[in-house]
Protein chains: 2
Amino acid sequence: MSKAGSSVDRVYDQVRRMAANFEFKPDERINESTLSTTLGASRTPLREALNRLVAEGFLTFQNGRGFFCRSLNPGRIIELYEARVAIECEALRLSVARGTDDEFKSVSDYLDQTEPHYENPDRAIDILEMDEGFHIKLATLSQNSELVGILRNINDRIRYVRLVDIRLLLRRQPLGKNKGAELSAHRIILNALAARDQKTAVSAMRNHIERRREEATEAVRIAYSQLYVPAD
Amino acid sequence: MSKAGSSVDRVYDQVRRMAANFEFKPDERINESTLSTTLGASRTPLREALNRLVAEGFLTFQNGRGFFCRSLNPGRIIELYEARVAIECEALRLSVARGTDDEFKSVSDYLDQTEPHYENPDRAIDILEMDEGFHIKLATLSQNSELVGILRNINDRIRYVRLVDIRLLLRRQPLGKNKGAELSAHRIILNALAARDQKTAVSAMRNHIERRREEATEAVRIAYSQLYVPAD
DNA sequence: GAATATTTTGCTGTATACAATTTTTCGATA
DNA sequence: TATCGAAAAATTGTATACAGCAAAATATTC
């Protein structure tokens with residue numbers, strides 16, 4: 001059950017997490033020697049990991065100049081949200097046909113278990129992870145691992161912006177407000193799915209993601225400014 | 001206009017093409033020393049390229065055992081066809097809203113220019129490239145480079161199977177038959193797009209791709225057998 | 001003092017070496 | 001003959017060296 005443990009894999013995991021969290025600033029050049037000593041490995045395995053991350057869209061590469069953090073601009077984030085719509089809506093269509101009632105029940109239990117915690121305004125990260133968890137569980141019911149893989153990649157690349165977005169939402173209106181009253185967007189999607197109502201489920205999903213996408217530009221602006229302000 | 005020309009990039013391009021064409025047999029282990037001398041580079045840049053290709057889904061990697069060609073099985077190919085539906089249908093929705101009449105005209109010209117060549121039964125590769133070209137042009141109208149990038153990746157990973165599938169179709173019934181008579185699937189999609197008829201366009205696209213997907217299992221079987229038979 | 005040329009520094013790109021691990025070979029045993 | 005085990009061979013994983021290139025620093029010119 002333990003991770004494999006090669007140097008490349010370890011370095012890969014670490015740099016991937018750093019890139020996802022924008023611990024490298026957008027467009028920042030990555031110094032291989034410095035980073036390799038920081039991570040306790042030599043440049044060879046580091047560069048192998050960096051190459052993987054280029055292919056995954058976390059970093060860019062310029063010949064002769066090395067590796068850079070991906071840039072952070074609204075246009076790209078919006079594209080990724082649109083890609084999410086593509087992937088999640090199609091996965092949902094497949095899930096309507098392929099998911100079992102038991103599986104739907106299991107996702108419902110997951111919502112029962114996690115939704116109460118959506119009140120806590122301090123733990124934006126937890127909320128984000130629960131949100132990602134729901135979407136991944138849903139996508140998994142499609143039984144299409146390619147779709148799930150693409151979704152994971154997208155999620156990781158927009159994670160930082162989503163985190164900022166959640167904090168923004170929490171500040172505007174604590175999410176605990178509508179406890180029990182109106183149904184959450186997630187619940188609406190899941191109910192339609194459980195009812196095998198493809199059209200309703202897909203349009204609810206599309207709506208849900210697009211609503212977040214509309215906030216992306218603002219969230220990117222805030223994210224960008226926060227990255228260049230020392231944490232207080 | 002010329003390619004950058006670092007050793008990694010050159011090796012990457014070559015190995016990618018080899019992998020796409022299954023010049024490595026499915027699940028075959030890749031010998032780094034042999035391949036690096038074949039390609040005229042050392043193992044360091046080769047391994048960097050191989051790592052990129054793992055991230056792109058062309059190869060797999062096992063710690064301590066090295067790199068392997070991806071396996072070729074119907075399940076994965078079907079997943080990729082399903083992912084194509086997800087990407088291309090959503091791209092098409094966006095294209096309906098974002099494409100200009102001029103752009104639609106340009107794609108129409110492309111069809112005018114390429115469709116006559118669909119008769120030639122010997123040039124399955126040309127037909128495949130024209131087909132891919134059409135789908136990429138269409139996706140590009142969405143103005144979403146993420147979707148286009150994902151589609152390119154999928155196309156390259158299923159290229160070999162599509163090639164076999166086209167040969168299969170050509171053998172059953174020469175495509176030149178319905179010249180001018182009935183509309184090609186591509187033309188139907190494009191006409192609906194030009195009419196800004198989203199529903200018709202998307203359902204035509206879905207139908208078009210799913211029809212090919214249904215043949216995938218058979219095509220994989222043939223592809224598999226051909227890979228293990230010496231060419232005559 | 002600003003702009004340009006030149007030196008210096010630092011970093012990247014690739015080859016190579018070697019330890020660690022895996023795979024193969026080959027012989028012993030039942 | 002098939003199975004297991006040990007030795008040998010081959011292959012991978014990582015560190016390191018160094019050439020070549022890019023960027024920064026310094027000097028030079030107007």
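In what follows, chains are A, B, ... by sequence order, proteins preceding strands, each numbered from 1.
At whole-Å resolution of the value, CZ in A/R52 and C1' in D/dG13 are 12 Å apart. Atom pair B/E48:CD and D/dT14:P shows a separation of 13 Å (rounding to whole Å applied). Nucleotide C/dC11 holds its P atom 13 Å from the CZ atom of A/F68, rounded to whole Å. Rounded to whole Å, the distance from CZ on A/F67 to C1' on D/dA22 is 16 Å. Spacing between atom CZ of A/R43 and atom P of C/dG10 amounts to 15 Å, rounded to whole angstrom units. One atom, CG of B/N51, and another, P of D/dT12, lie 13 Å apart when rounded to the nearest Å. If you take CG of B/D9 and P of C/dT12, they are 16 Å apart, rounded to a whole angstrom. Rounded to whole Å, atom P of D/dT14 lies 7 Å from atom CG of B/N63.
Side-chain proximity of B/P45 to the nucleotides C/dA15, D/dT11, C/dT12 is greatest for C/dA15. Taking only side-chain atoms of B/F61, from C-beta outward, the nucleotide of C/dC11, D/dG13, C/dA15 with the closest atom is D/dG13. Distance from the side chain of B/R29 is smallest to C/dT22 among C/dT22, D/dT14, C/dT12. Of the candidate nucleotides D/dT12, D/dA15, C/dT12, C/dT12 has the atom lying nearest to any side-chain atom of A/E32. Among the nucleotides C/dC11, D/dT12, D/dT14, the one closest to the side chain of B/N31 is D/dT12.
Within 4.0 Å (heavy atoms only), A/L46 reaches no atom of the nucleic acid at all.
Geometric assessment of B/R29 against the ring of B/F24 yields a negative cation-pi assignment under the 6.0 Å and 45° thresholds. Both cation-pi conditions hold for B/R70 and B/F22: the charged atom is under 6.0 angstrom from the six-membered ring centre and inside a 45 degree cone around its axis. Cation-pi check for A/R52 over B/F61 is met; the charged atom lies under 6.0 angstrom from the ring centroid and within 45 degrees of its normal.
We find the OG1-CG distance between A/T60 and A/D27 to be 7.0 Å, quoted to the nearest 0.5 Å.
OP1 or OP2 of D/dG13 has at least one side-chain nitrogen or oxygen of B/R47 nearer than 4.0 Å. Distances shorter than 4.0 Å separate some side-chain N or O of A/S42 from OP1 or OP2 on D/dA15.
Within 6.0 Å of NZ on B/K105 lie no more than 12 heavy atoms contributed by other residues, nucleotides or ligands.
Mapping B/T44 and B/T34 onto DNA chain D by nearest heavy atom places B/T34 at the nucleotide closer to the 5' end.
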